[in-house]
There are 2 protein chains.
Amino acid sequence: MLKEERQQLILEKLGTDKKVTLVELGQLLNVSYDSVRRDVIELEDRGLLKKVHGGAIANSYLSMKASRGLGIANNEFNIITKKAQKLIENHSIVLMDGGTTNFYIAEQLPKSLEITVVTNNPHLATALAEHPKIEVILLGGSFYKRYQITLGSKTMQDLEHINADLYFMGINSIHPQKGLAIRQYEESLLKQKMMSVAKKTVSCVIEEKMNRVENYKVCDVDDLDYLVTSLNPNEKILQPFKGKSVEIL
Amino acid sequence: MLKEERQQLILEKLGTDKKVTLVELGQLLNVSYDSVRRDVIELEDRGLLKKVHGGAIANSYLSMKASRGLGIANNEFNIITKKAQKLIENHSIVLMDGGTTNFYIAEQLPKSLEITVVTNNPHLATALAEHPKIEVILLGGSFYKRYQITLGSKTMQDLEHINADLYFMGINSIHPQKGLAIRQYEESLLKQKMMSVAKKTVSCVIEEKMNRVENYKVCDVDDLDYLVTSLNPNEKILQPFKGKSVEIL
DNA sequence: AGTAAATTTGCAAAAAATTGCAATAGTTTG
DNA sequence: CAAACTATTGCAATTTTTTGCAAATTTACT
């Protein structure tokens with residue numbers, strides 16, 4: 001079996017199942033665990049899927065684009081999106097970086113909304129082409145394929161000239177004591193910069209990211225202005241965040 | 001067995017199977033491994049299939065054309081792409097802006113190519129994620145939805161810091177006297193800027209764009225270094241361009 | 001025809017890529 | 001915390017690619 005063929009099959013499988021384990025793939029394709037693992041790494045570097053411990057999950061941008069219009073609604077995302085929209089309404093310049101949640105929020109924004117969105121995520125920029133009244137500013141820089149965003153000193157510089165009202169920060173983990181963190185060092189620097197050029201910062205977090213701790217800390221929970229989750233404010237998982245200065249939605 | 005015959009059979013096989021290994025082909029056609037390998041390389045150069053380690057994979061254009069019974073031998077884009085690749089080979093920093101032709105050229109670049117591509121077209125950036133050795137720099141600025149590129153003074157500024165070797169200029173029309181032109185005023189300014197930061201400028205033009213005149217002139221034909229078309233150099237439509245300083249490919 | 005030039009073909013040796021394995025290190029889960 | 005699972009690394013076997021070369025074939029031209 002050709003390597004390319006295998007990789008194509010992996011992507012197809014992911015397109016339907018959204019997730020696969022490496023062992024499964026090995027059996028399905030009749031090759032060693034190592035081969036599929038190496039394939040998955042390669043595909044992740046190209047931004048075509050996301051590798052997780054034990055397997056891989058579909059690339060969120062791609063699958064969202066694919067499922068768009070099919071009425072496939074994700075409840076958790078929808079709750080967060082509703083709350084996020086309330087925040088946006090009063091702000092005219094919104095900064096949004098990478099991550100599935102941000103992408104989903106942007107896509108679902110009302111068509112009538114008149115705001116400016118500044119982003120380092122090309123997928124988000126092209127998706128917003130559907131919104132006639134939203135002006136989109138794309139941040140330049142070197143394109144980091146794995147996470148499909150622009151990054152680096154050029155992107156940082158671009159931010160110098162931005163004064164945003166609200167920043168939607170995508171994040172990999174949030175923890176009451178250890179703060180908000182992300183996987184890439186460069187990305188953490190960028191996010192800090194983004195915070196500094198925005199009046200207010202909000203982070204929309206799905207439940208699975210709570211109480212985990214990723215590699216590079218971006219800021220403390222206290223540095224956030226708003227925290228949006230799909231949870232009921234009384235949930236016990238939210239209690240440790242209650243004493244903070246952040247407003248929980 | 002004639003070479004043409006063999007290559008035709010290879011394409012047919014690919015049309016039905018979507019993939020073949022070279023060993024398979026060698027046995028099927030009863031020729032040496034080397035011959036089929038060389039055939040496959042040639043076919044790839046013509047953009048008719050995708051060569052991968054160990055074999056070949058049908059290219060989407062092939063299946064499209066083949067199913068319609070069209071002549072697959074030489075589509076206009078493929079001829080242009082091949083010629084464009086020759087130009088790129090000796091350059092390390094390539095500037096490419098919007099337009100279908102540029103997108104197609106970028107997509108078809110060899111996977112082994114080690115260059116940097118600077119672009120204001122986010123789609124091109126994400127498509128190039130497939131090419132592990134190509135570094136992509138995305139130009140920032142306000143995102144112009146209609147043509148799906150970034151534009152404006154920020155994009156212009158970004159260009160100040162670029163010294164490109166070769167600029168692929170997408171264009172809407174070309175005329176021997178009236179020069180190269182485009183539909184948007186802002187875009188024409190940007191293209192002029194791009195020309196100024198690149199050592200050489202090349203434009204790849206399909207036949208339908210020749211001898212038309214669009215709204216905003218970017219430059220004269222003489223300002224171009226190379227003009228790539230799918231036409232035979234002796235075609236009468238090209239004659240008016242012959243006296244110019246541009247090199248016609 | 002007949003010959004020279006160009007192209008094509010198959011072969012062999014060396015270089016490069018791919019693959020599976022095993023030992024080790026790291027993660028997750030109950 | 002330990003057991004089970006997963007990831008990483010280095011390695012060796014295998015397969016594929018590349019390169020140069022010489023024989024065979026085709027093409028072009030007189």
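Note that the coordinates shown come from a computational prediction; the quantities given were computed from them, not determined experimentally. Just so we're on the same page: letters track the sequence lines, and every chain starts at 1.
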Whichever of A:Glu42 and B:Arg6 has its nearest DNA chain C nucleotide further upstream toward 5': B:Arg6
A:Glu5 and B:Lys19 ion-paired at < 4.0 Å: yes
N-O pairing of B:Lys3 and B:Glu42 below 4.0 Å: yes
Between [atom2] on [N] and [atom1] on [X], what's the gap in Å once rounded to a whole number?
X: B:Asp39; N: C:dT7; atom1: CG; atom2: C1'; value: 13 Å
X: A:Lys3; N: C:dA16; atom1: NZ; atom2: P; value: 16 Å
X: A:Leu2; N: C:dA17; atom1: CG; atom2: P; value: 17 Å
X: B:Glu4; N: D:dT26; atom1: CD; atom2: P; value: 14 Å
X: B:Leu25; N: C:dT9; atom1: CG; atom2: C1'; value: 16 Å
X: B:Lys133; N: C:dA16; atom1: NZ; atom2: C1'; value: 11 Å

Protein-to-nucleotide contact annotation, 5' to 3' order, nucleotides 8-23 of chain D [B base; S sugar-phosphate only; - none; under 4.0 Å, heavy atom]: BB------SBBB----
When you check the side-chain N and O atoms of [X] and [Y], is any donor under 3.5 Å from an acceptor?
X: A:Ser230; Y: A:Glu76; result: yes
X: A:Asp222; Y: A:Ser245; result: yes
X: A:Asp225; Y: A:Tyr167; result: no
X: A:Tyr144; Y: A:Gln184; result: yes

Which residues share a side chain to side chain contact (heavy atoms under 4.5 Å, CB included) with B:Glu235, sequence neighbours left out: B:Leu231, B:Asn232, B:Ile237
Parallel, tilted or perpendicular: rings of A:Tyr61 and A:Phe103 (30°, 60°): perpendicular
End axis versus end axis in the helix from C:dA1-D:dT30 to C:dG30-D:dC1, the angle rounded to 10°, five pairs used at each terminus: 50°
